Amino acid sequence: MELIPNLPNDVARECLIRVKYDQFATLLSTCNGWKAEIERPEFFQLRKATSHGQKLLVMAQSRPHPDIKQPVHKGRSVKTAFGLSVLELDTGIWVDLPLLPHHFPNGIPYFCHLVAVGYDLLLIGGLDPVTWDASPSVFVFNFLTAKWRRGADMPGARRSMFGCASGHGPMVYVAGGHDEEKNALKSALAYDVVRDEWTPLPDMSRERDEVKGVFRHGKFHAVGGYCTETQGRFERSAEVFDVETWQWDHVLEDFLEGSTCPSTCTPGDDMDMYMIYKGKVVASKDAKWQVIAKLPGDVCKMSYMTRWQDKLMVIGSSRLDEPHNAYVLNLEKSEWTKLSIPRNYSGHVHTGCYLEI
């Protein structure tokens, strides 16, 4: 069957792979041939291989609560809600990702996690913006259909402040956090996005509240955190889960540079890990940390960091309650570039997720 009348399919396919991500849903509904072509895994691979995949950063970002009509004045504390912002990294365009209003009337949960698996964006857990109760919910946004679906809830004790990361294939890994009694947890789970099923993992060797989840070199890393008795005093250690053996490796006792919150840890290619430490971007290679660059002054109050290819992006502000700024660090040249942010996208970013589709 011809994808486009009177054109060879190879040429038609070259046209389709150039379509913007936000037009996929329209193409799927146009004809069965286009739907079948776009849903093929090879289509996704071809877009990336020919540099037509679009690089997106999806962020959980604060904005004034929709019920509050008065302007926000400097120094005044107002109730905020969190929504999902999308930054097209190649164009600098910022847009909103549509939410499910009947599930998120007060915004998405505080401290939720965002992870990507193929064309799917997962929103996992967090705290209800009104009651502050921990949520076990999983919501999945598919960028092909531009529709949300509800996934299976996280089983077991309701946890928050856990570590989370997606790995190879359809799997997402969750570890640590704390339960509703503020007890730190050492339990862990894996979620299969395709099967919509949760599977328990072996426990970590110790409790890890406010742990950072990172997936690198085919393994899930649970970085830092603290146990119940040392509330708020972060450990330097990390544990590594081997997805092949389905077991945790030995504990890396001095993994971090210092006892600090690991929330900015992000995996690298040439480097094992990047993070912000004492106002500097530092990187780990073979268990040794080195300074890469000093953080710009107007993002010294860091809220979020991520990496793609040879770029590192940081978002933060110079002081609390100030509009947020964003910079991109070219890791090859060690040069910072400040991004232009529309005023309505200058709110606090709690977490985010990079994906190329």
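Please read all numbers here as calculations on a predicted model, not as lab measurements.
Outside the 6.0 Å centre-distance limit, the rings of H221 and F241 are not counted as a close aromatic pair. Taking the ring centroids of H103 and F139, they lie under the 6.0 Å cut-off. Here the two rings, on Y345 and H324, have centers that are 6.0 Å apart or farther.
By the criterion of side-chain heavy atoms lying less than 4.5 angstrom apart, applied directly or through intervening Ile, Leu, Val, Met, Phe, Trp or Tyr residues, M302 is not grouped with I341; the two fall into different hydrophobic clusters. Taken together through direct or relayed side-chain contacts under 4.5 Å among Ile, Leu, Val, Met, Phe, Trp and Tyr, Y173 and M204 form part of one hydrophobic cluster. Linking Ile, Leu, Val, Met, Phe, Trp and Tyr whenever their side-chain heavy atoms come within less than 4.5 Å puts V328 and L57 in one cluster. In this structure, V243 is a member of the same hydrophobic cluster as W248, with clusters built from ILVMFWY side-chain heavy atoms closer than 4.5 Å. The hydrophobic cluster containing Y354 does not contain L121, counting ILVMFWY residues as joined when their side-chain heavy atoms lie under 4.5 angstrom apart, directly or transitively.
Two residues are said to be in side-chain contact when any heavy atoms from C-beta on lie closer than 4.5 Å; T30 and Q23 fail this criterion. Looking at L331 and Y274, their side chains come closer than 4.5 Å, going by heavy atoms from C-beta outward. Between V174 and M154, the closest side-chain pair of non-hydrogen atoms falls below 4.5 Å.
A distance of 9.5 Å separates CH2 of W94 from OG of S340, quoted to the nearest 0.5 Å.
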Can V214 and F220 be said to form a side chain to side chain contact (heavy atoms under 4.5 Å, CB included), step by step? CA-CA 6 Å; V214 176; F220 172 66; over 6 Å; no
If you apply the rule side chain to side chain donor-acceptor pair (under 3.5 Å), what do you find for Y191 with D196, and how did you get there? CA-CA 7 Å; Y191 176 64; D196 191 27; 2.5 Å; yes
Assess whether side chain to side chain contact (heavy atoms under 4.5 Å, CB included) is satisfied between I124 and C164, documenting all intermediate values. CA-CA 9 Å; I124 304 177; C164 183; 4.0 Å; yes
Could you walk me through whether D209 and H178 pass side chain to side chain donor-acceptor pair (under 3.5 Å), step by step? CA-CA 6 Å; D209 196 1; H178 64 249; 2.9 Å; yes
Let me see the working for T260 and R236 under side chain to side chain donor-acceptor pair (under 3.5 Å), right down to the final yes or no. CA-CA 7 Å; T260 185; R236 295 176 58 189; over 6 Å; no
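Ring geometry for W289 against F255 counts as perpendicular: the plane angle is over 60°, on a 0 to 90° scale with 30° as the lower cut.
The two residues G224 and V211 come nearest to each other via the heavy atoms O-CG2, 3.8 Å.
The local environment of NZ in K55 is crowded, with over 12 non-hydrogen atoms from other residues, nucleotides or ligands closer than 6.0 Å.
A distance-only check finds a donor-acceptor pair linking the side chain of R63 to the backbone of Q61 [under 3.5 Å].
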